[in-house]
Amino acid sequence: MKIVRSIGILGILASLFPAAAVAAQKTIKVGVIAEFTGGFEQGVQIQNGIKAYMKQHGDHVAGKRVELIVRDTKGPAPETAKKFAEELIANDKVDFLAGFGMTPNAMAVAPVATQAKKPMIIMNAATSVITTKSPYIVRFSMTLPQETEPMALWTAKNGIKKVVTIVTDYPPGIDSETTFVKSFTGHGGTVLASMRAPLMNPDFAPLVQKAKDAKPDAVFIFVPGGAQAASFMKVFKERGLREAGIKLVGPGDITDDAVLEAMGDTSLGTITTQHYSAAHESAENAAFKKAYAQANGRGVRPNFMAVAGYDGMAAIYAVARKLDGNIDGDKAMALFKEYKAASPRGPIEIDPATRDIVQSVYVRRVEKVGGALYNVEFDRYPHFKDPGK
Ligand code: PHB
């Protein structure tokens, strides 16, 4: 009798009937695994985007409180990411895994999501193959082939004939290089050289110098956003490539909105292709930016990682509402597969065959708008799927 009282009737029901355990929960738990420190800080923008969504829509859905449990992998640390996922599932009993700024961390967690049947919401990691690693993965960011192919098509059509490519030497960089080289050369362009920089502590100077010496019309660049984007741009300026008439093109990670102002005027004229710009003009983006500022202060600008955090959270709320707060991994995945929304970036939908996002990819040029640097969109590849699979 004593035991019965201390466990409580719901506890007993829950141990006898797992469905009752689900019904007994008063919270919906989201385990956020991402990179918040250590030079790779994708997690900061992802979490800012999540917070913006919760600021706008509250912290309750389907009558339950949404609880975030956040873990910092401190950069690319697959073993740590995997351990966090296992702990969040076993100890914290999370309903969703979310975050994942970097490919190595997402790849390491995929088998854990499969084993536990937990939906895994990717909010940045962008190597094409990731979604094939677990049927419980759905991606709200982009893939590198998806961002890159429009760049190759645009470059080939706009008088750029000879290009040197520089990418970070890990899966998203290789996805980007492969896509660009194939598509650009397929449309008549010439790639003079392809170089790769290490993921950890890259020294861009020798690569940028070699690129300049090859006398291309443009350098194509992929780095994983943030600090590395800023340090690449500094070297591009110091080595005088602009003065030599060499253009800079690439997926939008190089003109990351979070660091664009800090890069200064060297970034002016950089042409990139991507799905989100803080300068995107729409009612949804205006509302997003307002909520982002309320949640995170006025000093920071949302970037592509923030919009994926926001949209991923919107999808979690939508799925939780449809399941009346009773989260079941398989039922949730069936709903994610039919998800469509009007995102701050434009219309988005999940491709049920790949669980990857379908969205517009915009062509943008860095320009000054009201005295500040922005990626100004001027062309668009609508309803663009990941061409990587
Ligand atoms: C990734 O590791 O998948 C990644 C990280 C940063 C980016 C893009 C992709 O900007």
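Counting starts at 1 for both ligands and their atoms, following the listed order.
Closest to atom 7 (C) of ligand 1 by heavy atom, among Thr143, Asp253, Ile254, is Asp253. Among Pro171, Pro224, Gly226, Ala106, the residue whose heavy atom lies nearest to atom 6 (C) of ligand 1 is Pro224.
Set against the non-hydrogen atoms of Gly101, the atoms of ligand 1 under 4.0 Å away are 1 (C), 2 (O), 4 (C), 5 (C). With ligand atoms numbered from 1 in the order given, ligand 1 contributes 10 (O) to contacts under 4.0 Å with heavy atoms of Gly225. Less than 4.0 angstrom separates some heavy atom of Gln42 from each of these atoms of ligand 1: 5 (C), 6 (C). The ligand atoms of ligand 1 that sit less than 4.0 angstrom from a heavy atom of Ala125 are 3 (O). If you number the atoms of ligand 1 from 1 as listed, the ones under 4.0 Å from a heavy atom of Thr103 come out as 1 (C), 2 (O), 3 (O). Counting atoms of ligand 1 from 1 in the listed order, those under 4.0 Å from a heavy atom of Met102 are 1 (C), 2 (O). Taking every non-hydrogen atom of Phe304 and a distance limit under 4.0 Å, the qualifying atoms of ligand 1 come out as 10 (O).
Residue-ligand proximity: Phe40 is placed with every non-hydrogen atom at 4.0 Å or more from ligand 1.
Closest of all the heavy-atom pairs between Arg345 and Ala308 is NH2-CA, 3.8 Å. Of all the heavy atoms in Ala62 and Ala320, the pair that sits closest is CB-O, 3.8 Å.
Proximity of Pro172 to ligand 1, defined as any heavy-atom pair under 4.0 Å, is confined to the side chain (atoms from C-beta onward). Only the side chain of Asn124 comes within 4.0 Å of ligand 1, judged by heavy-atom distances. Contact annotation for Phe222 and ligand 1: only side-chain heavy atoms (C-beta onward) come within less than 4.0 Å of the ligand.
How far CD of Gln294 is from NZ of Lys55: 6.5 Å, rounded to the nearest 0.5 Å. Rounded to the nearest 0.5 Å, atoms CE (Met151) and CD (Glu147) are 11.0 Å apart.
Residue Ala126 has at least one N or O atom closer than 3.5 Å to an N or O atom of ligand 1.
Residues Glu367 and Tyr374 have side chains not in contact (no heavy-atom distance under 4.5 Å, counting atoms from C-beta outward). Between Val361 and Met142 there is no side-chain heavy-atom pair separated by less than 4.5 Å.
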Please determine whether side-chain hydrogen bond (donor to acceptor under 3.5 Å, both in side chains) holds for the pair Gln45 and Tyr292, giving the CA-CA distance in whole Å, both sets of side-chain angles, and the decisive distance to 0.1 Å. CA-CA 10 Å; Gln45 282 280 348; Tyr292 186 97; 2.9 Å; yes
(Q) Under the criterion side-chain hydrogen bond (donor to acceptor under 3.5 Å, both in side chains), I'd like the reasoning laid out for Tyr310 against Gln56: C-alpha separation, chi angles, the key distance, then a yes or no. (A) CA-CA 10 Å; Tyr310 178 90; Gln56 207 179 7; 2.4 Å; yes
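With a 6.0 Å radius and a threshold of 12 heavy atoms from other residues, nucleotides or ligands, Gln115 has its CD atom at or below the threshold.
Ranking protein heavy atoms by distance to atom 4 (C) of ligand 1, first place goes to Tyr170 OH, 3.3 Å.
A salt bridge is defined here as a Lys NZ or Arg NE, NH1 or NH2 lying under 4.0 Å from an Asp or Glu carboxylate O, and Asp265 with Lys368 meets this definition.
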